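Numbers restart at 1 for each chain; the letters A, B, ... are given by sequence-line order, proteins then strands. Keep in mind the model is a prediction, meaning the values are calculated, not measured.
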Number of protein chains: 2
Amino acid sequence: MTTLSNRYQAEAAKQRPTMRDVAALAGVGIKTVSRVVNEEPGVSEAKTVRVLRAVEQLNYQLDMAAGSLRRTGRRTLSIGLLLPSVANPFSGEIHRAIEDALAARGLAMFAASLDDDPEREKALVAAFLRRRVDGLILTPIAKSQAHVIPEHSQDLPVVFIDREPNGIDADAVVSDNATGGARAAAHLLSHGHTRLAYLGDRTDIQTARERRRGFLEELARSGIAVSDVPAIENLHDEEAAHRATHELLASRNPPTAIFSSQNLVTFGAMRALKEAGASHKVALVGFDDFALADMMEPGITVIAQHPERIGKLAAERILARIDGDQSQPSTWVVPSELIVRGSGELPPSD
Amino acid sequence: MTTLSNRYQAEAAKQRPTMRDVAALAGVGIKTVSRVVNEEPGVSEAKTVRVLRAVEQLNYQLDMAAGSLRRTGRRTLSIGLLLPSVANPFSGEIHRAIEDALAARGLAMFAASLDDDPEREKALVAAFLRRRVDGLILTPIAKSQAHVIPEHSQDLPVVFIDREPNGIDADAVVSDNATGGARAAAHLLSHGHTRLAYLGDRTDIQTARERRRGFLEELARSGIAVSDVPAIENLHDEEAAHRATHELLASRNPPTAIFSSQNLVTFGAMRALKEAGASHKVALVGFDDFALADMMEPGITVIAQHPERIGKLAAERILARIDGDQSQPSTWVVPSELIVRGSGELPPSD
DNA sequence: CAGGCCGTTGACAACGTTGTCTAACCGTTA
DNA sequence: TAACGGTTAGACAACGTTGTCAACGGCCTG
């Protein structure tokens, strides 16, 4: 029975060849095949050639999973990446920068989207853990990352990106969100604005809170009564931001300058300003750069982040940890940068 | 010696727990643990509870790699995705759509960027094969995919996206590139243009050739002398397209309408038109939609592709193949759509 | 009360690889 | 010639899991 079904399989699907097959064809032991395939030294020229020829002939492909099961350290040469969404251009650039750094080491990347959902964060981390990734790079959203990282994985390298983690002591690579917010405030103030407004993302997102804090603190330092500054939050999509901007413009005492703390919010604000014919009247500074910002009318002044630097740094950190770096975890901050394009330099309209 | 080093390891790094550990703690056999963890039937309520408690207590995580090594069919529950670049928004949307469809089945995705480099295509396909992915979804760039897919992987589900493969008979999901190109031509012709130009991507990219073909064939059908239509190709980035557009506008007999066959090319053309003060004079239709196209002045008319539908279809195909669908491979075509926004409806300027 | 059946359970081998260890072989040297 | 060292080679166990199968106990049936 067993014999029959095995034979059937062998004939029907001609099983994928294993090292044993290669060894048989080359007339050597399987360990010799292993040595050749893994480019280990200590195999004679003659046998190396024979093995390689057999590999070629059978089209043999090493099974890394089987190998890493036995290998000391159990390296799978794969790492897990958890992003807000792979469809998000900012995430995409980080992803690419990480890939470039890790591919050079032969590491493959699992990628997944969290949608800023704490439940997904937990489920996807678990899924990657079950696949025994050598490291984890993630954008946290759950309130705490402590119960997400099982204690037994404490030796698993983890690097957080874009947002700092809570309840776990690990490396993080982030933008200088508060400083960037302050930079936006200072820029608008320097152009004479005194009636400003803040439009921001969900308050459970750490970066949104930081940007708001930096913005408002800078205003306070300059003597603006912060209680009078409209701060409309929890705008998670373009439509919400669009509505909020229209309401702001229609209010009794409309702002002469707006700081939008995230791309989709900036888009919503731009659209509302355009519809209201106020693109050239109300100043706008957005957090995070985007394609075609310079092609708008006026060009959109932004606090640009550097996703490629965030990704590169995160990759360097995870590689260092994988290589055994035991130093104290810490947070790396990638500076943001003001890019002047017109919308942020409009003077107060009255 | 061995005992010593084992004990050392056990104490220093407290090895990740295995089923054996869980079984010992719960006082059951390891097969019972396996059954509980994999939610197989045939385990009494009492033992199930004891096993789950032990799993909890040890923070046990199943090792999927070890499991798939033994499991019949060797499913790894992972699939490989090869895109032009994960940083490319079009690719990102496809990626996301695929992820959404596959995550529901517990499949994880390896993602990698090809950069339209045939060598990378080969290397990355091999890397995914070594990891024994259950399926491969890729955007081909090499001249032939035949030697990329080893014969022994013929039972490996493969779906091509965005471009059709050569030298291998497999499922593909693509946009109607030629029809889209023709649609652009017809649209511009219907607005009275007779002096049109084509700006296109590298000619080794199949979609670029198809878009060009569809565009020119439609012009020919309408009696335009195709030999007089400037077709500037091999524009792979924005800067090249920008230069090409300027040259076009400065030529003796400049076109009154431009068809740009790819996003970066469209951006370059837009920028050149703006600099030349011709945004409202020379009509422009781009292939592929992009964020903020409606916010430009004028809005940019495009032939929109549907990356989310391409991704969804590709995911459905790979799942069907994984589930054993043996039907003849074929190509699914996702229709493109003309989106009218202003730039494509400008009349001939003289 | 014997026999049979069913629901549970766990011992065991096997998946494809790599680490360990011993064997065989070669050429040197005493 | 015997002993030795260095190189090459392969037999074997083990990694953590799942498929197979036999054994157990309880219950029903005749």
Side-chain angles (χ1 to χ4, degrees), chain A residues 1-6 9-10 13 15-24 26-51 55 58 60-77 129-132 152, chain B residues 1-6 9-10 13 15-24 26-51 55 58 60-77 129-132 152:
Chain A
M1 246 231 284
T2 307
T3 312
L4 188 68
S5 92
N6 278 353
Q9 279 197 357
Q15 304 278 56
R16 181 184 282 281
T18 70
M19 276 195 181
R20 212 175 305 277
D21 301 318
V22 176
V28 303
I30 79 169
K31 182 66 222 209
T32 300
V33 177
S34 172
R35 280 194 262 261
V36 171
V37 170
N38 290 289
E39 300 184 349
E40 285 172 33
V43 179
S44 68
E45 178 68 17
K47 294 220 167 177
T48 302
V49 171
R50 264 162 55 203
V51 168
V55 163
L58 295 176
Y60 169 75
Q61 292 273 1
L62 180 63
D63 185 327
M64 290 181 55
S68 67
L69 186 61
R70 188 66 177 81
R71 186 170 19 243
T72 32
R74 299 212 207 321
R75 292 283 165 78
T76 57
L77 296 184
L129 255 30
R130 280 195 295 272
R131 287 179 172 82
R132 297 292 185 268
H152 285 276
Chain B
M1 251 243 271
T2 307
T3 310
L4 189 69
S5 92
N6 278 352
Q9 279 197 359
Q15 303 279 56
R16 180 184 281 282
T18 71
M19 277 195 180
R20 211 174 307 277
D21 300 318
V22 176
V28 303
I30 78 170
K31 182 65 220 212
T32 299
V33 176
S34 172
R35 279 194 264 260
V36 172
V37 170
N38 290 290
E39 300 183 349
E40 285 172 34
V43 179
S44 67
E45 178 67 17
K47 294 219 167 178
T48 302
V49 171
R50 263 161 58 202
V51 168
V55 163
L58 295 177
Y60 170 74
Q61 292 273 0
L62 180 63
D63 184 328
M64 289 181 54
S68 67
L69 185 61
R70 187 66 176 82
R71 190 175 9 249
T72 32
R74 297 208 208 324
R75 293 282 165 79
T76 57
L77 296 183
L129 254 30
R130 279 196 296 272
R131 288 178 171 83
R132 297 291 186 269
H152 285 276

Protein-proximity profile, nucleotides 10-15 of chain C, B/S/- by nucleotide at the 4.0 Å heavy-atom cutoff, equals BB-BBB

Compile the donor-acceptor pairs under 3.5 Å between side chains in residues 40-50 of chain A and protein atoms, sequence neighbours left out, one pair per line.
| from | atom 1 | to | atom 2 | distance (Å) |
| --- | --- | --- | --- | --- |
| Ser44(A) | OG | Lys47(A) | N | 3.4 |
| Thr48(A) | OG1 | Ser44(A) | O | 2.8 |
| Arg50(A) | NE | Ala26(A) | O | 3.2 |
| Arg50(A) | NH2 | Ala26(A) | O | 3.0 |
| Arg50(A) | NH2 | Gly27(A) | O | 3.3 |

Those residues of residues 36-43 of chain A lying under 4.0 Å from DNA chain D by at least one heavy atom:
Gly42(A), Val43(A)

Heavy-atom closest pair (Val37(A) atom, Tyr60(A) atom, distance to 0.1 Å) is CG2-CE2, 4.1 Å

Return the minimal non-hydrogen interatomic distance between Val51(A) and Val22(A), and the atom names on each side.
O-CG1, 4.1 Å

What integer distance in Å separates [X]:[atom1] from [N]:[atom2]?
{"X": "Met19(A)", "N": "dG19(C)", "atom1": "CE", "atom2": "P", "result": "10 Å"}
{"X": "Arg16(A)", "N": "dT17(C)", "atom1": "CZ", "atom2": "C1'", "result": "14 Å"}
{"X": "Asp21(B)", "N": "dG16(D)", "atom1": "CG", "atom2": "P", "result": "9 Å"}

Hey, could you give me the [atom1]/[atom2] distance between [X] and [Y], rounded to the nearest 0.5 Å?
{"X": "Asp63(A)", "Y": "Gln61(A)", "atom1": "CG", "atom2": "CD", "value": "10.0 Å"}
{"X": "Met64(B)", "Y": "Arg71(B)", "atom1": "CE", "atom2": "CZ", "value": "6.5 Å"}
{"X": "Leu69(B)", "Y": "Ser68(A)", "atom1": "CG", "atom2": "OG", "value": "9.5 Å"}
{"X": "Ile30(A)", "Y": "Arg35(A)", "atom1": "CD1", "atom2": "CZ", "value": "10.5 Å"}

Report yes if at least one side-chain N or O of Thr72(B) is closer than 4.0 Å to OP1 or OP2 of dG19(D); otherwise report no.
yes

Check whether any side-chain N or O of Ser44(A) sits under 4.0 Å from OP1 or OP2 of dT8(D), and answer yes or no.
no

Just by distance, do the side chain of Arg131(B) and the backbone of Leu77(A) share a donor-acceptor pair under 3.5 Å?
yes

